[in-house]
Protein chains: 2
Amino acid sequence: MDNTSLPRRQRERLRHRQEIMDAALRLFSERGYHNVSMQEIADKSEFSIGSLYKFFKNKEDLYRAMVLDRAYVFRDTLMKAIERPGDAVDRMKNYIRAKGEVFAANISMVRLYLEVTSGSRFNLKAGFDEEIQGIYEDFMDRFASVFSEGIEKGLFHASDPYYMALAVEGLTNAFLFLWAEKPERHPYDKIIPFIEHILLEGILTGKARQRILGESGYKAPGS
Amino acid sequence: MDNTSLPRRQRERLRHRQEIMDAALRLFSERGYHNVSMQEIADKSEFSIGSLYKFFKNKEDLYRAMVLDRAYVFRDTLMKAIERPGDAVDRMKNYIRAKGEVFAANISMVRLYLEVTSGSRFNLKAGFDEEIQGIYEDFMDRFASVFSEGIEKGLFHASDPYYMALAVEGLTNAFLFLWAEKPERHPYDKIIPFIEHILLEGILTGKARQRILGESGYKAPGS
DNA sequence: AATATGTTTGAATAATAATTCATAGATTAT
DNA sequence: ATAATCTATGAATTATTATTCAAACATATT
């Protein structure tokens, strides 16, 4: 990560490149791709417009590089979280917590994450995000395997592990967006137990479960 | 809704306005606000550029009107769904199903919905979506009250009803986005039982529940 | 210290697309 | 049938912003 081996000139170049991407991240995440001009990125990063074009082919290329950069940070963090030792339940909990931490570390990523996982496929030229899409999908597959394991061990009901992963994804997203809007009002820390509880036990009371569902429980659909 | 009372001239005007918004919806939802030109909307709607400006102050105003229009359709459908008779569990299930139906009825709304509930606050001028935001929040409050009722009746664990509503929101979104990408591969119909099951009972098996959580169960956080 | 190589600059250019407006066409009223 | 009113048109204007490029500056090499 820290390119200590390279000649100074190149090291500087990389640092400059990174500075531009950092400025761009902040601007794009606040106002979106089309509402940020190259001029503004130049100003914020304290380079000239011309320089931006030395580092990046064009505006879209800059955006793409920046998003990709962050996607890897994001993916690595979450990957580490679900790879830490423990059973499937632990790993799932690690994911929920780690995701909150990456987001908190850089709140502008909430917005980017949204664009990347659902939004931007529509916004830029088609094919833009194949690589990003790939990163996301690889991760989800790995995450799904956590649930496969949980099922094998008899921890989880036997339904589609990918859907289980997606459920965690969707649930955490919802609360992270809420938190991103009103961080003081909805601290993610406080919400984690709630998320975990829903995922693990659902919202029904024991009494209701018996009344509504009978003792029998759930016939897994799909798988 | 059908303005049968108005003079013909005005009725036509309204219809034309709607036609423009319909064309705009399709284009915007496929390619996003900034990648659609007024010229294209004019072509698609079979009006001239000049006419667009007779109906709408400017491009943003057109977008806004169109989104608002759909937001109301959306809200009304979901509101009706959770207002149908039944207990809290039924109402929640109604919501899950109805949401799938509105989306299916117009798949382009998936994209819009995303922009409206999470994305676009960043994309257009600040203050753009106060009204839309309001529609969404009103609905969520109403939806939360379904869970309040469920708690009172002893159906649900006593935790924050708004969070419960948001959990359903987040979970359904995740699966609807999945469905929107690969409708054949992930038909929402088939996924509904899975969503319901997670929400109601969670993913843990009975055995695991006892092992991991003990008999005691859950101390509701927040509320 | 002169030359070569690499880097930065920002005014000038080019491309795109929003908006205006004078004109033409329809419809209704007299 | 004519005038008055309302509606639609799209070429011309204006605004914005991405991109280029020739010149200046900096650093390394001989």
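The analysis underlying the following values was restricted to heavy atoms, covering all of them including side chains, and did not include hydrogens, waters or symmetry mates. Chain letters run A, B, ... following the sequence lines, proteins first, then strands; residues in each count from 1. Not measured: the values here are computed from a predicted model.
Nearest to the side chain of B:I49, among D:dA8, C:dG10, D:dG10, sits D:dG10. Checking D:dA18, C:dT19, D:dA8 against every side-chain atom of B:Y53, the shortest atom distance belongs to C:dT19. The side chain of A:S48 has C:dG10 as its nearest neighbour among C:dG10, D:dA8, C:dT19.
Counting heavy atoms from C-beta on, the side chains of A:M92 and A:F147 come closer than 4.5 Å.
Between B:Y163 and A:H186, the side chains place a donor N or O and an acceptor N or O closer than 3.5 Å (distance only, hydrogens not considered).
Between A:S51 and the phosphate of C:dT9, there is a side-chain N or O to OP1/OP2 separation shorter than 4.0 Å. At the phosphate of C:dA18, OP1 or OP2 sits under 4.0 Å from a side-chain N or O atom of B:K59. Contact annotation: A:H34 does not reach the phosphate of D:dT16 (side-chain N/O to OP1 or OP2, under 4.0 Å).
Atom CZ of B:F47 and atom P of D:dG10 are 12 Å apart (whole Å). Between A:R13 atom CZ and C:dT5 atom P there is a gap of 17 Å when expressed in whole angstrom units. As a whole-Å value, the separation of B:F28 CZ from C:dA17 P is 13 Å. Distance, B:Y63 OH to C:dA18 C1': 17 Å, rounded to whole Å. Rounding to whole angstrom units, CE of residue A:M38 and C1' of C:dT16 are separated by 16 Å. Distance, B:R11 CZ to C:dT27 C1': 15 Å, rounded to whole Å. The CZ atom of B:F55 sits 15 Å away from the P atom of D:dC6 (whole-angstrom rounding).
In this structure, A:Y33 and A:F28 have parallel ring planes: the angle between them is below the 30° cut-off, well short of the 60° mark.
Nucleic acid contact class of B:S37 (heavy atoms, under 4.0 Å, all strands): sugar-phosphate only.
Between the side chain of B:D61 and the backbone N or O of B:K57, at least one donor-acceptor pair lies under 3.5 Å.
In this structure, B:H16 has its ring center under 6.0 Å from that of B:F47.
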